[in-house]
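Below: one structure, written as structure tokens.
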Amino acid sequence: MSDLVRLTKDDGIAIITINNPPVNALSPGVPEGIAEVVEQINKDESVRAAVLIGGGRTFVAGADIKEFGKLTSGKSSGTMDFPVVLLQIENSRKPVVMAIHGTAFGGGMELAMAGHYRVAAPGAQVGQPEVKLGLIPGAAGTQRLPRLAGITKALEMCAEGNPVSAQDALKFGIVDRLIEGDLLAGAVAFARETAGKPAPKTRERNEKLGTPEQIAPLFAAARETARKKQRNLIAPLAAIDAVEDATRLPFAEGCAAERERFVRCLFSDQSKALIHVFFGEREVAKIPDVPKETSVIPVNAVAVVGSGTMGGGIAMVLANAGLPVLLKEADQPALDRGLANIRKNYANSVSRGRFTQQFVDERLKLIQPTLSYDGFPAVDMVIEAVFEGMAPKKEVFAELDRVCKPGAILASNTSTLNIDEIASATSRPEFVIGTHFFSPANVMRLLEIVRGKKTSKEVIATCMQLSKKLRKVGVLVGNCRGFAGNRMFHPYIREATFLAEEGAGVEAVDGALYNFGMAMGPLAELGRYGQKTGAGWYKYDENRRATPDPEVAEMVRKWAAEAGIPQRRISPEEIVDRCIYALVNEGARILEEGIALRAVDLDIIYLNGYGFPAYRGGPMWYADTVGLKKVYDRVAEFHQQHGELWQPAPLLKQFIEQGKLFADFNREQSATA
Ligand code: NAI
């Protein structure tokens with residue numbers, strides 16, 4: 001028997017323990033091990049029932065995601081057919097009780113549903129999160145779940161992928177009992193109750209599947225929600241189709257159809273991109289010359305300078321993570337405005353059900369407003385968010401250098417300015433770093449961490465670690481104008497504007513990029529005054545809804561005529577190529593200059609800070625999937641048509657000559673560092 005699955009006995013009850021730390025993933029060997037012990041207990045007359053439990057901190061958290069990549073690249077090590085193992089469990093003559101603690105996600109959930117009963121610790125969670133990787137459950141999850149939980153819940157779980165608490169799982173019939181205290185003891189006691197009784201097979205429980213008339217509107221509603229909330233994604237719709245199969249096909253046929261849909265999703269560009277993102281979010285935490293063992297500076301109290309748009313949001317982020325925040329402003333009216341904004345934002349979160357009033361009250365107590373630097377010697381870190389300008393920044397940093405204790409981290413939220421020059425206003429540039437939050441800071445996940453020439457490794461390690469505590473994705477970037485994200489954004493917006501001037505039409509530019517998957521069109525936030533004042537490239541009503549503005553169209557026409565820009569029809573494809581390849585070409589320069597460590601870092605920046613669609617994997621991954629030769633040819637064409645701004649990045653040219661991908665650049669960099 002493999003070490004991954006162990007069998008012990010407790011007075012007639014077999015105890016099957018999965019031991020594949022850290023999360024008992026269904027790696028090769030685990031399904032085989034389960035199959036072996038199930039066969040064994042069915043032959044063993046002394047066994048009356050069985051409990052299957054996860055060793056360590058969780059049940060089975062899911063499939064081994066690396067295996068998906070191996071399957072699509074043909075490098076699969078060929079594990080046993082998991083659905084067959086599940087049928088074998090379900091067919092067991094001895095009832096099998098699944099004992100769930102931690103998480104039963106994905107394949108773990110499918111395993112749990114193949115048992116005859118499920119018991120759970122109160123803190124456990126269950127779910128089918130495959131859709132978040134562009135997949136659907138592939139081992140009968142879409143067929144068994146509706147039979148346990150009913151159509152509505154199964155649709156929600158398979159199409160949206162969110163976890164369900166043990167309490168809800170009990171309410172919806174996914175688990176049969178919650179067990180306070182010792183889970184194994186409780187599960188064994190439960191198994192004794194079931195021993196000798198007929199064991200219900202999930203696949204034969206059809207009572208929750210409903211009649212065609214009852215369920216048709218549920219599927220229609222689920223499809224409508226998916227099209228709206230998971231725009232352009234194929235996996236949610238595939239999951240809905242698969243659950244529908246459960247209601248109209250015999251179990252075995254439903255499983256076969258699910259398998260086909262699963263494989264189609266697995267080989268889709270969307271799933272490959274989402275899996276790239278999953279690993280990418282982990283990859284960006286690795287900095288070759290700042291190893292894991294680098295010591296970090298304890299950060300227990302923070303000060304924020306400036307309580308404007310960004311400073312206020314940053315103070316909330318810190319308070320939400322439980323850190324006391326000293327919030328310094330220049331004068332009382334500005335401080336009052338800043339605090340009023342913070343209160344308004346928190347009140348919105350309460351009304352939307354994101355936070356409780358009690359949580360908010362506690363957070364507000366952590367934010368201490370001030371007009372002086374008096375409390376600053378006590379803090380471990382300062383984040384400066386005053387007006388964007390070298391003079392005010394330098395003035396603040398000189399003051400911070402004077403008042404802060406030795407070893408305190410001095411961070412700037414600047415979005416464009418030179419960190420080294422800011423650092424030069426202090427006597428301790430090794431403690432100066434950029435922490436570039438995105439607006440609104442309390443919502444956007446991205447945190448660009450800007451490394452100055454002299455920034456110490458400890459300070460970098462501390463900020464990377466802090467980003468996790470703040471629930472942000474920290475990405476390390478180098479010091480240059482606009483750093484990585486805004487430096488790439490500039491040519492993107494430039495092209496959007498040029499396209500409008502060449503006759504594409506403002507709505508067509510935004511529409512093409514919105515349809516490509518961007519959270520919003522590039523011109524929807526820009527222009528004359530922006531949404532805040534009711535006029536930009538569009539007119540905005542009091543709810544900030546945009547309507548086309550004929551005045552803008554006229555202005556653009558006039559301007560183009562004056563500048564002698566010929567007007568022409570421009571296809572959505574050209575709009576997308578021009579804007580997205582502008583990102584890619586600048587991204588390639590950034591990589592070449594070492595401003596970002598890996599292409600995936602730029603992808604993660606774009607997904608979390610700029611509304612780039614995750615299912616396209618980020619701009620650099622997208623370029624790889626299009627084919628770098630094709631991207632290069634198009635860039636070269638734009639270069640000919642539009643001049644110097646489109647000079648192809650040397651790295652792009654080099655990569656096509658060497659037949660490389662941006663993804664290869666990731667590996668080489670990480671390997672050679
Ligand atoms: P803002 O104008 O809303 O706020 C700046 C605040 O700093 C004002 O309330 C001002 O009274 C205060 N202030 C100025 N000097 C001060 C001093 N010596 N001591 C204390 N408070 C002082 O500006 P915003 O938008 O919050 O920008 C702040 C920084 O964040 C800038 O460097 C900006 O480039 C950067 N940033 C802005 C983003 C945005 O979307 N607004 C996004 C990312 C970064």
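The two residues Ala14 and Leu7 have their closest heavy-atom pair at CB-CD1, 3.8 Å. In plain terms, the two heavy atoms of Ala50 and Ile41 that are nearest each other are CB-CD1, 3.6 Å. The shortest non-hydrogen separation linking Leu607 to Pro613 is CD2-O, 3.7 Å.
Between the side chains of Asn42 and Ser92, a donor-acceptor pair is found at a separation under 3.5 Å. Asn608 and Lys472 are not linked by any side-chain donor-acceptor pair at a separation below 3.5 angstrom, with hydrogens and angles left out of the test. No side-chain N or O of Gln40 forms a donor-acceptor pair with one of Asp44 less than 3.5 Å apart. Defined by atom type and a distance below 3.5 Å, a donor-acceptor pair is missing between the side-chain atoms of Asn442 and Tyr346. Side-chain contact of Gln125 with Thr103: a donor-acceptor pair under 3.5 Å is absent, judged by distance alone. Using a 3.5 Å distance cut-off with no hydrogens or angles, the side chains of Asn24 and Arg57 do not pair a donor with an acceptor.
Judged by a 6.0 Å distance limit and a 45° cone about the ring axis, Arg363 is positioned over the six-membered ring of Phe359. Figure legend: cation-pi geometry between Arg282 and Phe278, with NZ or CZ positioned under 6.0 Å from the six-membered ring centre and within 45° of its axis.
The closest side-chain heavy-atom distance from Ile151 to Thr247 is below 4.5 Å. Side-chain contact between Ile18 and Leu4 is absent, with no heavy-atom pair separated by less than 4.5 Å. Between Leu184 and Thr17 there is no side-chain heavy-atom pair separated by less than 4.5 Å. Contact of the Met157 side chain with the Ile174 side chain is registered, since non-hydrogen atoms from C-beta on lie closer than 4.5 Å. In this structure, the side chains of Asp245 and Arg261 come closer than 4.5 Å at one or more pairs of heavy atoms. At a threshold of 4.5 Å between non-hydrogen side-chain atoms, the residues Tyr615 and Ser271 do not count as touching. Counting heavy atoms from C-beta on, the side chains of Leu466 and Leu323 come closer than 4.5 Å.
Salt bridge absent: Glu204 and Arg144 never bring a charged side-chain N and a carboxylate O closer than 4.0 Å. Checked for salt-bridge contact, Glu253 and Arg248 miss the test: no charged N lies under 4.0 Å from a carboxylate O. Salt bridge absent: Arg227 and Glu224 never bring a charged side-chain N and a carboxylate O closer than 4.0 Å. Looking at Arg203 and Glu90, a side-chain N of the basic residue comes within less than 4.0 Å of a carboxylate O on the acidic one, giving a salt bridge. Classification of Arg598 and Asp603 as a salt-bridged pair fails, no side-chain N sitting under 4.0 Å from a carboxylate O. Look at Lys286 and Asp601 and you find no salt bridge, because none of the NZ, NE, NH1 or NH2 atoms lies under 4.0 Å from a carboxylate O.
Under the 3.5 Å distance criterion, the side-chain polar atoms of Thr58 are left unmatched by any main-chain donor or acceptor of Gly54. Within the 3.5 Å criterion, the main-chain N or O of Asn91 finds no donor-acceptor partner in the side chain of Lys201. Remark: the backbone N or O of Ala159 is paired with a side-chain donor or acceptor of Gln230 at under 3.5 angstrom. Distance alone, capped at 3.5 Å, is enough to place a donor-acceptor pair between the Asp664 side chain and the Leu661 backbone. In this structure, the side chain of Arg354 does not engage the main chain of Val350 through any donor-acceptor pair within 3.5 Å. A donor-acceptor contact shorter than 3.5 Å links the side chain of Asn320 to the backbone of Met316. Judged by distance alone, with hydrogens and angles left aside, the side-chain atoms of Arg205 form no donor-acceptor pair with the main-chain N or O of Arg147 at under 3.5 Å. A donor-acceptor distance shorter than 3.5 angstrom exists from the side chain of His116 to the backbone of Val96, with no hydrogens or angles considered. Between the side chain of Gln167 and the backbone N or O of Leu178, no donor-acceptor pair lies under 3.5 Å. With hydrogens and angles ignored, the 3.5 Å screen pairs no side-chain donor or acceptor of Arg445 with any backbone N or O of Arg471.
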* Asked: Would Glu156 and Lys153 count as a salt bridge (charged side-chain N to carboxylate O under 4.0 Å, His left out) if you check the C-alpha gap in whole Å, the side-chain angles of each, and the deciding distance to 0.1 Å?
  -> CA-CA 5 Å; Glu156 188 189 305; Lys153 196 67 191 168; 3.1 Å; yes

* Before giving the answer on side-chain hydrogen bond (donor to acceptor under 3.5 Å, both in side chains), spell out for Arg616 and Asn232 the whole-Å C-alpha distance, their side-chain angles and the decisive distance to 0.1 Å. => CA-CA 10 Å; Arg616 292 197 190 270; Asn232 298 352; over 6 Å; no

* Show your working on side-chain contact (heavy atoms from CB on, under 4.5 Å) between Met620 and Val600 and close with a plain yes or no. => CA-CA 7 Å; Met620 309 315 278; Val600 69; over 6 Å; no

* To do: Output, in order, the C-alpha distance, side-chain angles, deciding distance and verdict of salt bridge (charged side-chain N to carboxylate O under 4.0 Å, His left out) for Arg48 and Asp11.
  => CA-CA 9 Å; Arg48 302 174 60 227; Asp11 191 17; over 6 Å; no

* Before giving the answer on salt bridge (charged side-chain N to carboxylate O under 4.0 Å, His left out), spell out for Arg192 and Asp10 the whole-Å C-alpha distance, their side-chain angles and the decisive distance to 0.1 Å. => CA-CA 10 Å; Arg192 279 192 215 295; Asp10 176 354; 3.4 Å; yes

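Note that CG of Asp64 and CG of Leu26 are 9.0 Å apart. Values are rounded to the nearest 0.5 Å. The CZ atom of Arg264 sits 9.0 Å away from atom CD1 of Ile136, with the distance rounded to the nearest 0.5 Å.
Screening Val5, Thr8, Ile89 for a side-chain contact (heavy atoms from CB on, under 4.5 Å) involving Ile16 leaves a single residue, Val5. Val290 pairs in a side-chain contact (heavy atoms from CB on, under 4.5 Å) with only one of the listed residues (Lys457, Glu458, Met464), which is Lys457. Just one of Gln128, Glu130, Glu258 meets the side chain to side chain donor-acceptor pair (under 3.5 Å) condition when paired with Thr142; it is Glu258.
Under the 30°/60° scheme for interplanar angles, the aromatic rings of His276 and Trp621 are found to lie parallel.
Counted within 6.0 Å of CD on Glu207, heavy atoms from surrounding residues, nucleotides or ligands total more than 12; the atom is thus considered enclosed.
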